[in-house]
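Working notes, beginning with the structure itself.
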Amino acid sequence: MNILLIGSGGREHALAWAISASALCDRLYIAPGNPGTAQCGENVVIDVADHQAVVSFCKLQGIGLVVVGPEGPLVAGIADDLVAAGIKVFGPSKAAAQLEGSKAFTKELCAEFGIPTAGFGRFTDAAAAKAYVAEKGAPIVIKADGLAAGKGVVMAQTLDEANEAIAMMFSGGLGAAGEEVVIEEWMIGEEASFFALCDGTHALAMASAQDHKRVGDGDTGPNTGGMGAYSPAPVMTKALEEQVMAQIIMPTLAGMASRGMPFQGILYAGLMITSQGPRLIEYNVRFGDPECEVLMPRLKSDIVPALLAACDGVLDQITLRWSEEAALSVVLAAKGYPAGPEKGSVIKGVEKAAALDDVLVFHAGTKQTALDLVADGGRVLNVVGLGKSVGEAQARAYSAVDLIDWPGGFCRRDIGWQAVKRESDG
Ligand code: AMP
Ligand code: GLY
């Protein structure tokens, strides 16, 4: 079968690596891909925003399955247009992608179906929002309803900060994403990301992971897309995983089906493990990045039959085998990230790093010039180590990082610190 993968990040290099290893995959195309995906298949230039152009490509190349990496094309309805053209696609419809595209949509679903999450209010004008904040008190969380590239959440410690965030969002500071604002109770606990494959009716638990959102060591500095991750997340015990499936994932699938918008694809639950049990922070409708880079190396089963079963509504026939080993990924970012990453600096030593045992290097914002591999984005490389413990995986990842010669880049030096501390505390 010929497969088309959409996207260009580290997540897509990890997916391309897994898909290209499948016995079912004849030709893999990646649009637009990156220099890493070019080692797994053929990068192609298609205007992904032009859904008819994607359909034409699929017909021409006999594509049997399209896999959509990022949320943007899903929220724009690419899955609907492919399905309408008779092309199989892994990823939710535009209606179902509202689980990521609209925080208010998800909160209403949680309220209707009894899914544990933070208490909330929704507002379309500043005065009512400020009155709600005055009544609830700080700390409190202010969120723009729509997609805001990770900038739509303000954790307000004080009422002044909360009111400032409300004013910023309603005065258009985040564009259309801030036309509606969701205000939430601030939940306390440890965070974990949990991934489930869904076919509209059935869900198959994948694995858990922990992301590191802040740019600096010790979880300091501004938020980023993620500076590193590890899997599994030790906080997610087997019992907790079952609780998440029963109380969060399955009611979501049932709720979406009853609304006539069955969810097919990856449901990525951002969870807060509170003293009252797991509660939903938010949903994404795709794999996390850099979480995907630590999930794929741990997946021992062929991924393609699972993706096809999700499309066909027969996920109940699939089981997935996971390695007991831990995986840990360190993101190498261009200096200046996240505010203004510098492009064009030369990166050397990637092959040396990737040649180490139990190490994988996934590309994100890289570009191959005639002579060199150069930085071409914010997050540029993901260096993944595998090991019997998170500590061992961490040591492998950093020994590979140290072989990469890139004065124009930087990374966090403490990825996995919580899990390593947990391991050494025994
Ligand atoms: P989101 O963009 O919704 O994932 O939020 C970004 C981050 O803000 C999350 O990963 C959490 O660390 C934090 N966060 C969001 N909502 C809450 C909440 N209600 N209580 C505590 N932390 C939250
Ligand atoms: N790593 C966070 C995300 O993919 O949204």
Side-chain angles (χ1 to χ4, degrees), residues 7 9-12 14-15 68-72 74-75 97 99-107 110 115-122 133 136 138-157 162 165 169 174 177-178 181-195 208-215 219 222-231 233 235 266-276 278-296 329-331 333 338 362 364 378-379 382 412 415 418:
R11 167 181 51 213
E12 284 75 26
L15 285 172
V68 185
E71 67 278 15
L74 295 167
V75 172
L99 281 175
E100 175 160 1
S102 166
K103 296 193 191 298
F105 175 89
T106 299
K107 297 299 284 188
C110 289
I115 297 162
T117 186
F120 74 104
R122 311 169 48 172
V133 163
K136 296 286 174 186
I140 196 158
V141 183
I142 317 291
K143 298 186 174 183
D145 176 62
L147 291 180
K151 301 192 181 73
V153 176
V154 175
M155 310 286 294
Q157 299 278 1
M169 289 181 194
L174 298 171
V181 166
V182 173
I183 302 183
E184 289 183 10
E185 158 202 358
W186 183 315
M187 298 184 287
I188 307 289
E190 190 170 341
E191 278 184 59
S193 307
F194 182 75
F195 298 85
S208 61
Q210 200 113 11
D211 187 9
H212 297 61
K213 286 207 164 69
R214 303 296 195 95
V215 75
D219 295 322
N223 266 330
T224 69
M227 292 300 291
Y230 55 90
S231 174
V235 65
I266 279 287
L267 201 48
Y268 159 179
L271 301 173
M272 187 69 82
I273 311 306
T274 73
S275 54
Q276 295 106 51
R279 295 169 78 189
L280 181 72
I281 301 173
E282 61 154 3
Y283 274 131
N284 296 302
V285 299
R286 34 106 192 148
F287 280 108
D289 189 353
E291 289 94 331
C292 190
E293 292 92 310
V294 289
L295 293 183
M296 290 304 116
S329 112
V330 178
V331 169
F362 293 124
R379 294 186 291 168
N382 300 268
R412 275 182 63 163
I415 299 301
Q418 275 175 317

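Sequential numbering from 1 along the given sequence is applied to the chain's residues. As the structure lists them, so they are numbered: ligands from 1, and atoms in each ligand from 1. As a basis for the values below, the full set of heavy atoms in this structure was taken, side chains included, without hydrogen atoms, waters or symmetry mates.
Just one residue in the list Arg214, Arg412, Lys213 forms a salt bridge (charged side-chain N to carboxylate O under 4.0 Å, His left out) with Asp219, and that residue is Arg412.
Ser329 places no side-chain N or O within donor-acceptor distance of the main-chain N or O of Val294, the cut-off being under 3.5 Å. Judged by distance alone, with hydrogens and angles left aside, the side-chain atoms of Ser208 form no donor-acceptor pair with the main-chain N or O of Phe194 at under 3.5 Å. In terms of modelled atom types and a separation under 3.5 Å, the side chain of Arg379 and the main chain of Ala364 share no donor-acceptor contact. Counting only distance, with no hydrogens or angles, the side chain of His212 and the backbone of Ile415 share no donor-acceptor pair below 3.5 Å.
Only the side chain of Glu191 comes within contact range of ligand 1, with a heavy atom under 4.0 Å; no backbone atom does. Contacts between Glu184 and ligand 1 below 4.0 angstrom, taking non-hydrogen atoms only, involve the side chain exclusively.
Annotation for Phe362 and Ala14: closest pair CE2-CA, 3.7 Å, computed over non-hydrogen atoms. Closest non-hydrogen pair, Ala233 versus Gln210, comes out as CB-OE1, 3.4 Å.
For ligand 1, the atoms lying closer than 4.0 Å to a non-hydrogen atom of Trp186 are 20 (N), 21 (C). Within the listing of ligand 1, atoms 18 (C), 19 (N), 20 (N), 21 (C) sit less than 4.0 angstrom from a heavy atom of Met187.
Taking only non-hydrogen atoms, the option from Glu100, Met272, Glu185 nearest to atom 18 (C) of ligand 1 is Glu185. Nearest residue to atom 16 (N) of ligand 1 from Lys143, Glu282, Lys103 is Lys143 (criterion: closest heavy atom).
For the atom pair OG1 (Thr117) and CE (Met187), the distance works out to 5.0 Å, reported to the nearest 0.5 Å.
Protein residues with a heavy atom closer than 4.0 Å to ligand 2 are Asp211, Gly225, Tyr268, Arg286, Gly288, Asp289, Pro290, Glu291, listed by chain and number.
Among residues two or more places apart in sequence or in another chain, the salt bridge (Lys or Arg N to Asp or Glu O under 4.0 Å) test is passed with Glu100 by Arg286.
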